[in-house]
**Student:** 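The structure follows.
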Amino acid sequence: MVVLHRLTPAMDGARRAALLPGRGYTAQAPLLSWSGLLLAEEGWDVYAVEWTDAAAEDPAVFLHGAWAEVTAVLNGVPDLVVAKSLGTFAAPLAIAAGIPGIWLTPLVRHDVVADALGAASEDHLVVAGTADTAWRRDLIAGTRAAVTEIADADHGLLIPGDWRASYAAHQAVFGRISAHVAALPPI
């Protein structure tokens, strides 16, 4: 069900981050790959998750089981979650455990994701594109999480038909992620 790849050398005492991919959007894709590099350069111990059968069941049920596997392999919960699309179904689990998260293109049209992100604290960052059909800011209106919307961006946080604007959008996203991670309280 889940394969965990360590992206950094073992570092005693380092904070651990887990990258949770989407369905068909792996940790090698830009939003997660660059997030992993950013975190590694900031001294985080980074793990990338690979789903082996994510399409097999209800996403919330799948993520509940996958989360159990990830925490078992890590021998505890990570200190940060960076999730894309399908991975955002982990929001209720991370938030319940008090783990900060970066939620990229969250699937807020699903109540379980919207309810969790609506109750998220300022330790969370939500990033979505205004042209993403999976995004509706009004569904998390009461959140204390930082919300960054990328104008005209789709579910990949790309601007269709404009690679330069897409590149600039991704640069803005990683700048926002970097600032958010730098502001997280130490463990």
Side-chain angles (χ1 to χ4, degrees), residues 15 17-25 27 29-39 42 44 46 48-49 59-60 63 67 77-160 162 164-187:
R15 295 187 288 181
L19 307 178
L20 305 180
R23 181 178 286 139
Y25 193 98
L31 292 170
L32 292 176
S33 177
W34 284 103
S35 293
L37 288 171
L38 180 156
L39 290 165
E42 293 298 323
W44 289 75
V46 182
V49 174
L63 255 297
W67 182 259
V77 296
D79 301 301
L80 176 69
V81 173
V82 181
K84 166 78 172 87
S85 192
L86 174 67
T88 65
F89 276 91
L93 303 165
I95 290 168
I99 301 164
I102 298 169
W103 310 102
L104 305 170
T105 68
L107 299 177
V108 296
R109 290 187 182 265
H110 295 270
D111 290 344
V112 66
V113 176
D115 292 346
L117 294 180
S121 71
E122 54 280 343
D123 288 343
H124 297 269
L125 171 63
V126 176
V127 182
T130 61
D132 182 356
T133 59
W135 175 242
R136 283 196 32 209
R137 187 177 184 145
D138 62 302
L139 295 177
I140 63 165
T143 191
R144 290 181 296 141
V147 178
T148 298
E149 290 183 307
I150 306 299
D152 303 318
D154 63 15
H155 196 62
L157 295 178
L158 300 170
I159 313 303
D162 190 341
R164 287 176 182 85
S166 296
Y167 176 69
H170 275 206
Q171 284 184 305
V173 168
F174 299 122
R176 185 64 189 94
I177 291 171
S178 178
H180 185 78
V181 169
L184 289 175
I187 301 172

**Student:** Measure the CH2-CD distance between W34 and Q171 for me, rounded to the nearest 0.5 Å.
**Tutor:** 9.5 Å
**Student:** Quick one: do R164 and D162 make a salt bridge, cutoff under 4.0 Å?
**Tutor:** no
**Student:** Are any non-hydrogen side-chain atoms of S35 and I102 less than 4.5 angstrom apart?
**Tutor:** no
**Student:** Quick one: does any side-chain atom of T143 pair with a main-chain N or O of I140 as donor and acceptor, under 3.5 Å?
**Tutor:** no
**Student:** What is the distance from atom CD of E149 to atom CZ of R137, rounded to the nearest 0.5 Å?
**Tutor:** 4.5 Å
**Student:** Kindly indicate whether the side chain of D154, heavy atoms from C-beta on, has any atom under 4.5 Å from the side chain of D132.
**Tutor:** no
**Student:** Using 0.5 Å steps for rounding, measure from the CZ atom of R15 to the CG atom of L39.
**Tutor:** 9.0 Å
**Student:** Could you give me the CA-CA distance, side-chain angles and deciding distance for T148 and I150, then say whether side-chain contact (heavy atoms from CB on, under 4.5 Å) is met?
**Tutor:** CA-CA 7 Å; T148 298; I150 306 299; 4.0 Å; yes
**Student:** Considering non-hydrogen atoms only, spot the tightest contact between I95 and A116 and give its length.
**Tutor:** CD1-O, 3.2 Å
**Student:** Return the minimal non-hydrogen interatomic distance between W67 and V77, and the atom names on each side.
**Tutor:** CZ2-CG1, 4.3 Å
**Student:** Does any N or O in the side chain of Y25 come within less than 3.5 Å of the main-chain N or O of L32, such that one atom is a donor and the other an acceptor?
**Tutor:** no
**Student:** Show, in sequence, the C-alpha distance, side-chain angles and deciding distance for V82 and L104, and conclude whether the side-chain contact (heavy atoms from CB on, under 4.5 Å) test is met.
**Tutor:** CA-CA 7 Å; V82 181; L104 305 170; 4.0 Å; yes
**Student:** Going by heavy atoms in the side chains, are V49 and L19 under 4.5 Å from each other?
**Tutor:** no
**Student:** Side-chain donor-acceptor pair under 3.5 Å between S85 and H155, yes or no?
**Tutor:** yes
**Student:** Report yes if some heavy atom in the side chain of H170 is under 4.5 Å from a heavy atom in the side chain of L158; otherwise report no.
**Tutor:** yes
**Student:** Does T88 use its side chain to pair, donor to acceptor, with the backbone of K84 at less than 3.5 Å?
**Tutor:** no
**Student:** For W135 and T105, run side-chain contact (heavy atoms from CB on, under 4.5 Å): C-alpha distance rounded to whole Å, both residues' side-chain angles, the deciding distance at 0.1 Å, then the answer.
**Tutor:** CA-CA 7 Å; W135 175 242; T105 68; over 6 Å; no
**Student:** Output the distance between atom CD1 (I159) and atom OG (S166), rounded to the nearest 0.5 Å.
**Tutor:** 5.5 Å
**Student:** Please walk me through it: do W44 and V181 pass side-chain contact (heavy atoms from CB on, under 4.5 Å)?
**Tutor:** CA-CA 10 Å; W44 289 75; V181 169; 3.6 Å; yes
**Student:** Determine all donor-acceptor pairs shorter than 3.5 Å in which one atom belongs to a side chain in residues 122-129; sequence neighbours excluded.
**Tutor:**
unit_1	atom_1	unit_2	atom_2	d
E122	OE1	R144	NH1	3.2
H124	ND1	G101	N	3.0
H124	ND1	W103	NE1	3.1

**Student:** Are the side chains of L107 and H110 in contact, using a 4.5 Å heavy-atom criterion?
**Tutor:** yes
**Student:** For a quick test of reading the model, state the closest non-hydrogen atom pair linking P100 to L184 and the distance between them.
**Tutor:** CB-CD2, 3.9 Å
**Student:** Do P78 and I99 come close enough that some side-chain heavy atom pair is under 4.5 Å?
**Tutor:** yes
